[in-house]
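Below is one structure, written out as structure tokens; comments come after it.
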Amino acid sequence: MSLAKRNDGKGCYECRMRRVRCDKKEPECFKCQKKGIKCSGQGIECRFSKHMNRKQTPSVASPQLPAASSKASKRYLFVNVENTHDGALPTSSGQPGASTTGPSSSTMSIVVPYRSKGRELVRARHAEQCQRVASLPSPRGAIEVVPARSRMLFDHFSTFIASKMVVLDFNENGYRQIVLPIACQDDLVAQAVSVIAAFHLSSRMPSMHMAAERGQELILSRLRQQSLNLGPGQLFNMSTLATLLVLLVGDTITGANNYVYLLELLSRLAKLAMNDPRLSDTTKAFIMEQTKMFQLFGFPLSSQMKGIQTFTKSPDYYLDFMTSSPSLGSDPEQYANIQVMKDIIRQACYIYRNRASHEATRESSIEAVERLRQTVTHLDPNVEGRHALVWAFFVASAESILPEHRDFFYNRLKGLFECTRFGSIPLALQTLDYIWSKQDSTNWIEIVTHERQILIM
């Protein structure tokens, strides 16, 4: 299989077949709309090589090109990707010990161009890509054109939501490089990605909200059914884990309280994932970083007991997600900002722990919040990665007694909503008003864990 951009100057597939000029409008071009044809758009096109068949795959194949073509000598290397060995390096046909039989129902073949003198170099370039797709199921028949609406939702998840689920966005963001490739092959993950993207877009397009709610209910129903029908060898399932991650992202967007039990399921599956030899080290690192992040921000807001249990470990145990970007090593200013943000989160954890254990007094509370405020003032309000501080600002706001402290963190939260547009932030602001109205009589942790359970992050 090879991937090619459709937007190569010739327009959509339908216009090319009809040999008419395409205006390349998204999501559907005008020519296809006028003819009543379903337009495939300008996205990525997947093609199967002619030489891929179910009976036999040659070790080295030459594509059938016209005799006059100057590229007729270009050759292709077939790389077989075993689904049952996720994370392992694929073997290539034509190498010693490699099978010469064609792909079975459990393998995919990726067509990789190479030149005889640079064969090892090309294999190295494609090794990581092959690892990422190793766990995906083989295509079920011919690959169909992805509908325009799904392309739009996947693109929004990739360009906006994925960038807000890591502190500093980078090329190897796991939500793009691990979750989205799975979504392209797994219906459940694809539905979860589409639903969450629709929820986020519904603030601008309200018509999407009702359909997204129905889709979310169906996904949760399917997860429950799967959990009841697991066989002995199905304790770990990467599809289920990816779906749980995406749904937890969705709770930060909608403010729903499904995270209370979704986080428990994710924590269990993450432990199983660490012992699964099929997963690559990159995939395992991504799973643990995201799981710990949700545990740090989710458990303290779901149960006071779980919050206390969470902070029996040092906050640094959970903060791997803060330093996942490879750019930190080459950018001293960015590194310094991340260290300040980590200190802010540590101080918020200290405030929560003291309040949950009933050790906080009025004086110690005011002192802790002021110390955190002073730390925040050293940070540019528009610094990259500031969206990682939503939970810390909420905790500081909930603990605040003095009006100047309340105003400071309340306004910082409003600024973060402009950055993420995640719906849990407006709900958090409403919860703060409710907490402050009852603060003299009720512990704010009891309010957020019993009356207002929201995944605020």
Once rounded to the nearest 0.5 Å, what's the spacing between atom [atom1] of [X] and atom [atom2] of [Y]?
X    : Y    : atom1 : atom2 : result
F294 : L248 : CZ    : CG    : 5.0 Å
Y13  : S40  : OH    : OG    : 8.5 Å
N237 : L188 : CG    : CG    : 8.5 Å
I338 : Q334 : CD1   : CD    : 6.5 Å
M293 : S324 : CE    : OG    : 9.5 Å
I161 : H156 : CD1   : NE2   : 4.5 Å

Quick one: are [X] and [Y] in side-chain contact, heavy atoms under 4.5 Å?
X    : Y    : result
N257 : D251 : no
L223 : L265 : no
F199 : E213 : yes
P181 : R176 : no
L389 : L379 : yes
C15  : R21  : no
D276 : L272 : no
L301 : L455 : no

>> In this structure, is the centre-to-centre distance between the rings of F393 and Y410 below 6.0 Å?
In response: no
>> Can you confirm if the aromatic rings of H200 and F422 lie within a centre distance of less than 6.0 Å?
In response: yes
Between [X] and [Y], which heavy-atom pair has the shortest distance, and what is it?
X    : Y    : value
L266 : L244 : N-CD1, 3.8 Å
S158 : L180 : CB-CD1, 3.5 Å
S397 : F409 : OG-CB, 2.8 Å
M322 : L328 : O-CD1, 4.0 Å
L296 : C349 : CD1-SG, 3.8 Å
C22  : C29  : SG-CB, 3.7 Å

I'd like to know if [X] pairs up with [Y] as an ion pair, taking the criterion as any Lys NZ or Arg NE/NH1/NH2 lying under 4.0 Å from an Asp or Glu carboxylate oxygen.
X    : Y    : value
K164 : D169 : no
K31  : E14  : no
R222 : E217 : no

>> Under the rule for side chain to side chain donor-acceptor pair (under 3.5 Å), what residues qualify as partners of S203, not counting sequence neighbours?
In response: none
Flag if over 12 foreign heavy atoms under 6.0 Å of [atom1], [X]:
X    : atom1 : result
M210 : CE    : no
R18  : CZ    : yes
Y335 : OH    : no
K25  : NZ    : no
E333 : CD    : no

Answer yes or no: is there a donor N or O on one side and an acceptor on the other, between the side chain of [X] and the main chain of [Y], under 3.5 Å?
X    : Y    : value
D23  : F30  : yes
R452 : L432 : no
S194 : Q191 : no
K38  : E28  : no
S202 : M205 : no
T283 : L279 : no
R386 : N382 : yes
S424 : I456 : no
T291 : I287 : yes

>> Restricting to ring-ring contact (aromatic ring centres under 6.0 Å, His included), what partner residues turn up for F297, sequence neighbours left out?
In response: F321, W391
> Checking side-chain contact (heavy atoms from CB on, under 4.5 Å) for the pair I345/K342: CA distance, chi angles, key distance, verdict?
Replying inline: CA-CA 5 Å; I345 294 174; K342 289 173 71 173; 5.8 Å; no
> Among all residues two or more places apart in sequence or in another chain, which pass the salt bridge (Lys or Arg N to Asp or Glu O under 4.0 Å) test with D320?
Replying inline: K292
> Under the side-chain contact (heavy atoms from CB on, under 4.5 Å) criterion, do V340 and V383 qualify, and how do the steps go?
Replying inline: CA-CA 11 Å; V340 174; V383 69; over 6 Å; no
>> Assess the residue pair F394 and M457 against the criterion (side-chain contact (heavy atoms from CB on, under 4.5 Å)); give the C-alpha distance rounded to whole Å, side-chain angles, the decisive distance to 0.1 Å, and a yes or no.
In response: CA-CA 9 Å; F394 174 79; M457 54 178 287; over 6 Å; no
Distance only, no hydrogens: is a donor on one side chain within 3.5 Å (strictly under) of an acceptor on the other, for [X] and [Y]?
X    : Y    : value
Q453 : S302 : no
T282 : S280 : no
T243 : T240 : no

>> Working note: Q295 + T310, criterion side chain to side chain donor-acceptor pair (under 3.5 Å); need CA distance, chi angles, decisive distance, verdict.
In response: CA-CA 8 Å; Q295 288 174 339; T310 297; over 6 Å; no
>> Please evaluate residues L319 and T323 with respect to the criterion side-chain contact (heavy atoms from CB on, under 4.5 Å), reporting the C-alpha separation (whole Å), side-chain torsions for both, the decisive distance (0.1 Å), and the verdict.
In response: CA-CA 8 Å; L319 294 178; T323 55; over 6 Å; no
